[in-house]
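Heads up, the thing below is written out as structure tokens.
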Amino acid sequence: MPGRPSPSVIDVLLFIARRLALAVATVLAVVTIAFVLGRATGEPGALLLPDNATQADVQALNSSLGFDRPLLVQYLDTLVGLVTGDFGDSYRLRESALGLVLQRVPATIELAFWAFLIGLALAVVAALTIQLTGSRVLRAIVGWAGAIRQSVPDFFFALLLVLVFSVLLGALPSLGRTSYASLVLPVATLATGQFVMYLRLLDAALSEQAGQDYVRTAIAQGQRRSTVLFTRMLPNAIVPVLGMAGLNLGGLLGGTVVVEVVFAWPGLGKLLTDAVSQRDFPIVQAGLVFVALAFVIVNTAVDVLVRRIDTRTAAA
Amino acid sequence: MTTSLTLATAPVVRRWRPRPGAAVGALMLGTVLLLTAIVPLLPGFDPMGQDLRAALRPPFADPAHPLGTDALGRDLLSRLALASAVTLGMTVVIVIMNAVLGSLIGILAGYYGGRLEALITLVSNVTLAMPVVLLLIAICAVLRPSAGLTILVLGCTWWVGYARVTRNIAAALRRQDFVVSPLTQGGDSVWVLTRHIVPNVWPHTLIIAATDVATIVLITSSLEYLGLGVQPPVPSWGSMIFDGQRHLAGDPWLALLPGLVMLLAVGGVQFLSQQFTAETRGGLLRKGGMR
Amino acid sequence: MSTVLRIENLRIETDGDTPRTLVDGVSLQVDRGESLGVVGESGSGKSLTVLAALGLLPVGTRVTGGRIVIDDRVLVDVEADVWAGERELRALRGRTAAMVFQDPMSSLDPLRAVGAQVASAVRVHAPRLSRRAARERAIDLLTSVGVRDAAERAATRPHQWSGGMRQRAMIAMAIAHDPLLLIADEPTTALDVTVQAQVMDLLAEVRDRTGSALVLITHDLGLVAENSDRLTVMHHGRVVETGATRAVLAAPAEDYTRRLMAAMPAEQERATPAVRTGEADALVAENIVVDYRVSGRKTPVRAVDGVSVRIAAGETVAVVGESGCGKSSLAKAVLGIQPAAAGTVVVGGVPVRSELAARTAAERELAQIVFQDPYSALDPRLTVHELVAEPLRIRRAYNRATVGTLLADVGLDESYAKRLPGQLSGGQRQRVGIARALALRPRLLVLDEPVSALDVSIQAQVLTLLDTLQREHGLGYLFISHDLGVVRSIADRVIVMQHGRVVEEAPTAQIFSDPQHPFTRQLLAAVPRLDGPRRTARPAAA
Amino acid sequence: ATGTLLLSGCAGGFDEGGDAGSGDTPTRIVAAIPTDPTSMDPIKSGALVVLSVFFHTFDQLVTITADGELAPKLATEWTPNDDLTQWDFTLQEGVTASNGEAITAEDVAFSYQTILADPTGENFAYLSSVASVEAVDDLTVRFILKSPFSAFPRNTSLISIVPADTYQEMGADAFAQAPIGSGPYVFDKIQTGVSYDLVRNDDYWGAAPAIESISLQPVSSDESRVNGVLSGSLDVAPIGPTQVESVESQDSAQVFSALSNGVVFLGVNSTSGVLTDARIREAIGLAIDKEAITEGLLSGLAEPASTTLAPAVEGYSDEVTDPGYDPDRARELLAEAGYAGEPIPFDYATDGRIPLSADVAQTIQASLEDVGFTVDLRGADQQAHTLKVRGREMEGIYLNTWAPSTVDGDLPLTDLYEPAGNNNYAQDPRTAELAAEQRGVEGESRLDVFTELLSYSNEQGYYVPLYVPMNNYAADPDLDWTPRADGLFDFTQTSFK
Ligand SMILES: Nc1ncnc2c1ncn2[C@@H]1O[C@H](COP(=O)(O)OP(=O)(O)OP(=O)(O)O)[C@@H](O)[C@H]1O
Ligand SMILES: Nc1ncnc2c1ncn2[C@@H]1O[C@H](COP(=O)(O)OP(=O)(O)OP(=O)(O)O)[C@@H](O)[C@H]1O
Ligand SMILES: [Mg+2]
Ligand SMILES: [Mg+2]
């Protein structure tokens, strides 16, 4: 059987081209959906003016925002904005929508990143410990704790954390993004959820690897179990988990709303949900494009990583 | 719950072996189902009847309201039972919709591959990149938020996990000889899909669905936290917890009781489903002594 | 003369409240430089016995009786309650005793370069060796087991290695520390005869160099005949017979051993051909070309390159050749599963399109296939009855009785009808596959390695069945196999393939008596025989 | 500012915030506001929550005190002409903005003129009565109104004065990023949607406030605000009525409650369906036990309302009465009107302006169904609800609230009874006439017009006034502060004990 050639330059270029096409299509589709939903939700003028503003005032505002133009023109305008990166000014805040989104991005990335990293790291540690000790008790304890954590909605879990650590113990700030301490509770809320999920995936993947013949080969050579676990099984087990993690991290970037509300965390999720309900379309568009791009980029990165770890998939 | 995805790798169907976890899980879920089934038959069942003068009664204080009353003086036990029925009902519908849709998409993508698969990848990417919460808020802004709408939106957007898993299985099955062989015997794709692919895929779908029950319950309750979903006065776990939160300091049972019921149900389903996915632990990497 | 491995009265049971005995009272012994063959039917406990010796029993099984001694160290003595610990075993594994496992595909870590895996096997017991030195040693080892361009290939991962090459890598790892004892559990079942011969040569050469003892587990009696000094025959978890290999094979004392020997295919052609003249040819395939498109490559891989085959009704044509030469691809092209890029196919006198999808149901029924792997050929959820009924149902010709007859034809009685494939042995599954293929009364039956997964006794049953059916129904067989003994006993004509082309085609007798092509000769020479040349390490007794 | 923010954000940098926890009396106050403020440009921004910032950083001509009285601020006095169509404001002398620019009548005129020039601006509606503004001299500004308006000075309390030269030099966008005003505080740092930090303006012309720095932070969740105060992250925060009791029982916080300037009411579309029948409208009012809502549901933190104006608001009169709670009479009326169970849509906002709106709506639904109505309860988020109200899409009854930030009856009455009013589903010419009439009269006679209008409205059942809620706050136990009726923050008189 001849050895397969390692991925050629053409392969890599093709991969990049396919990824780019997918990214563009994804962003375009998201923007289009957002546009359609946006126009369906109604014009924002009435939300921007005080209670005593008249219908005429509202009309005037709506047309000054461009809502009197034909839909197609508005859509093309949105697309042009997408290409030039100019999403216009937020209707409410009267600042550059993209600027506002970018202002919130660090807070969201910070939250998502730490939650993801800590969740994954803890899961790796726990899964490895379970495999190494082979302890049923440990697996049972972790399994139970996980099931209980997963049975509590994030908003409630967050509230309980606040009650214990902020109100009762006064140890940690209950809201805002003012110090490193204020990261602890929101990250803890999200990371515990992530932890449970990754632990499940990893434990299953590791258990599957443990049944593979190459593990037996290594043990039969006199390798330490820990060596086998760390250097052989973990890389093999992490490949499918990474794929899931990519999808998940992408989702996390757009979906930390509940935690952001509870902790008054100035993240993208809250900005976006507010923008949607306030019909602040420039922010919605800019935010969704960011989320979609983040999703595509994270997943491309994960794919590249997986291809590096597992060259078998490269040819496929 | 965050709205991020919870996806499982294809679990392995294993023979049912009774374990303590399974018994506990069945007991937990059974308690909730029993609550849902029995309470409506009791004489005092009235989840909607308000009595502001009898508001916020603690549990066990009033025989007419065994678990107390909420801020509007409604019987908590009745509401818990109704909420369980509503939430579980919604969840089951959503899970089934997603499982069917996702498996169908996954099977078709896995079996046919090629263009169809590329299209489905795009659709699932868009679905994942478009936060469900935003979608729901936007749609609720046009239509009125309702249980039906939540079911529809969640039921159509949470299928990616199923699709991915079933796609992989279907793609693997497609290469299996037993799938090819009916084709050589004169059967067509429909025959193969219905007789061989679907029956071999659905047990996996079932397992994901079991774990998804928890996720969907949490997502719907998170959505209720944002005011989307089942509308008052019909209760759901999420809205009960959310409403109860306001009274957490003075009347904590208002949030804790639905929380507990939810824990029982969701935890129960999880324990039960773990029984299917539990591995023969340790495999070849077990402690290496002779004994 | 010192004993390297001694197993006394070993008993292995399953865990749990109602333990099942898997291995009972097994004793065996190997001396320095000696080679012990272990044969026996599938599931007789061969693997468990040797796995137990290194403390590698799978989860759910454990040693409950007996003694295991390796190089004078008592690893287990149940009566004396001696149990070696993990540390002790670790020191022993790979250094004193090493194993070569059956499946070279899965026994290597798919994600690590092969060289690195060999190097880490080196470093396990030589921790002070620098990484670089270990790498160099790994390359030396790979070179010494016959891997060409080892330095370059070491950096590639297992999926880029062929099966034979992988098995070499496994051996390289096993001999990294010149172990006293080498245990090889079916080291060649996945390989074709030429590669098998190379691997066995290599093992002999290694032992010659290091003087280690060998335990060789296999179900190929020819292989043990050529490669072992002593033979242990196992049956139902017990040892039934032990002795000098040649002596046992020449004059088996036990009934089971005799039965084993009798099931070996006879080394002669079949007496009476079943060819029917006057009927349309079962298959006429002309100039078949099969291409596989591989991503990243402009030109497709050509697996079959202009092969023509003619099979008369009632005739058996065997296709032999090394692994990857295009045998299965040819079969798939005939069936239309992998459409031929060029060439014509006429089945039972009917010209058919190359794609399966383009063939009518009636055309599809003309040719049927029995797949290579009996495990993936049957839907695990369907009962035997349903499996055999399926082709009839597709055709809306289902009838209980027909299914019963078909099952009876392949020698499966009513009691099997309700079983699931998981409850059948390999031979029984293969028979279900044949019954399915016969249900539509095809003109041509393609059999892709129908007996390679079976042990000799079951293999004999299947071959007899095929012969009977052919005589009854006048079927044409396209018979793919790498077991030349089987081919000789069943085929009327033999086609030898190499690199996608036919290199020789002749009646069976002529191929075996007077092979023309060098490749054919090479194949024939590699077939292990009971009376074949002994591949010895240093003479043991010397 | 955006650039540096991004940088520090990316580097994971934080500002060490937090309270001065040392032994001295704290001089920094962190207050939670329930929603994100809009732009910091007072010319463009007029949303209520922003006023909590502008009151501190800008001067307005007049101010409204915590108890709703009109008081001088930048203007020392103001006088109308006889027919109330021309108002002259005399300004305080020697006022400068924090960058040194003098604030004169020119700046005042500029601020108003800029607002009037853009009908799409948020503030334009407050000045709909103004025809023109001019600076008579350095310290006198003259407003010419389109029609007589007795309560005009109150409207000026909402308009902040910017230094004209600075504003023009910087341009509106840059000004919004680094606003400059003449108020008792100056902007320290703006993080949009995160925090608005103010420090004391030591050059302020008026009395120096005790608090040195103020941080206003949007916190949207009720629970988070309470826990923020309890855990010390916040010094003062608006809370919901259900939280009052539990906060009161804690040592680590105190509660402030003040009756608000708003009324929660049911809007009734008297022009469609069965609700065109006045008897059925009347039955709605009779069916609702307001006392039960305020005492039971709202724990006494509200007062039943009998008019659409709150007691704190100029124009309120206790002579206006409502028929009270009489379910039996309601049933009779329904029978008389021949109501046959036609479902009445009932819209409410699930979140937002009215605390416990879902509970209130459910209680009302139960009460109405109790007397025989069929009610179709429809929740929507606040914005969708607002759009529906303003789009005149309400088909039956709906829950709404009106709280005039001028603490004067003019704004709500314009909206509720004048033809262009958003809530005016009745379009009754008589109410429109009366609503216009009150502008042209002052004092007692104005009050008489109000009384007449509101009584008429109650008789017709155009609105069902429900209750006047209280504004409730959790606060640091040492905070010495008076909450305002309008729910806005003004910390100029505040200190820590
Ligand atoms: N992990 C296990 N748990 C329980 N039974 C097992 C386990 N592994 C093997 N067995 C049983 O032990 C018996 C002996 O198995 P073993 O693998 O030693 O057979 P073998 O002689 O090597 O057969 P083959 O030629 O097919 O490899 C079989 O009946 C098998 O089903
Ligand atoms: N799906 C495929 N894609 C690409 N190459 C393939 C594919 N299937 C087979 N090949 C290649 O075609 C050649 C012939 O394969 P084929 O399976 O016909 O061999 P074979 O003679 O049946 O071997 P074996 O004895 O191992 O079954 C091999 O080099 C193989 O690697
Ligand atoms: Mg074996
Ligand atoms: Mg083959």
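In the text below, chain A, chain B and the rest are named by the order of the sequence lines, each starting its count at 1. Just so we're clear, the structure is a prediction, and the values are computed from it rather than from any experiment. Values below: all heavy atoms of this structure, side chains included; hydrogens, waters and symmetry mates excluded.
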Here the salt bridge (charged side-chain N to carboxylate O under 4.0 Å, His left out) pairs for residues 114-127 of chain B, sequence neighbours left out, are B:Glu117-B:Arg167

Quick check on [X] against chain B: is it the side chain, the backbone, both or neither that has a heavy atom closer than 4.5 Å?
X	answer
A:Leu288	side chain
A:Leu206	neither
A:Leu159	side chain

>> I'd like to know which of B:Val123, B:Val126, B:Asn125 tops the heavy-atom pair count under 4.5 Å against chain A.
In response: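 It is B:Asn125.
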
Q.
Taking every non-hydrogen pair under 4.5 Å, which of B:Ile241, B:Leu263, B:Val266, B:Thr127 racks up the most with chain A?
A.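 Greatest number of close heavy-atom pairs with chain A: B:Leu263.
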
What option among A:Ala40, A:Gly287, A:Ala29 has the most heavy-atom pairs under 4.5 Å with chain B?
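Max contact count across the listed options: A:Ala40.
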
Segment of B:Ala255 engaging chain A (4.5 angstrom heavy-atom cut-off) =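 For B:Ala255, backbone and side chain are both near chain A.
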
Item checked: Sub-4.5 Å side-chain heavy-atom contact between B:Leu256 and A:Phe156 ->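 Side chain of B:Leu256 against side chain of A:Phe156, heavy atoms only: contact under 4.5 Å found.
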
Exercise for review: Please tell me if the side chains of A:Phe155 and B:Gln245 come closer than 4.5 Å, counting only heavy atoms from C-beta onward.
Suggested key: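 With C-beta onward as the side chain, the pair touches.
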
- Straight-line distance of A:Leu22 CG to B:Leu122 CG, nearest 0.5 Å: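 With rounding to 0.5 Å, CG (A:Leu22) is 6.0 Å from CG (B:Leu122).
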
query: What's the shortest heavy-atom distance between A:Ser151 and B:Gly267, and which atoms?
result: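 That closest heavy-atom pairing would be OG-N, 3.3 Å.
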
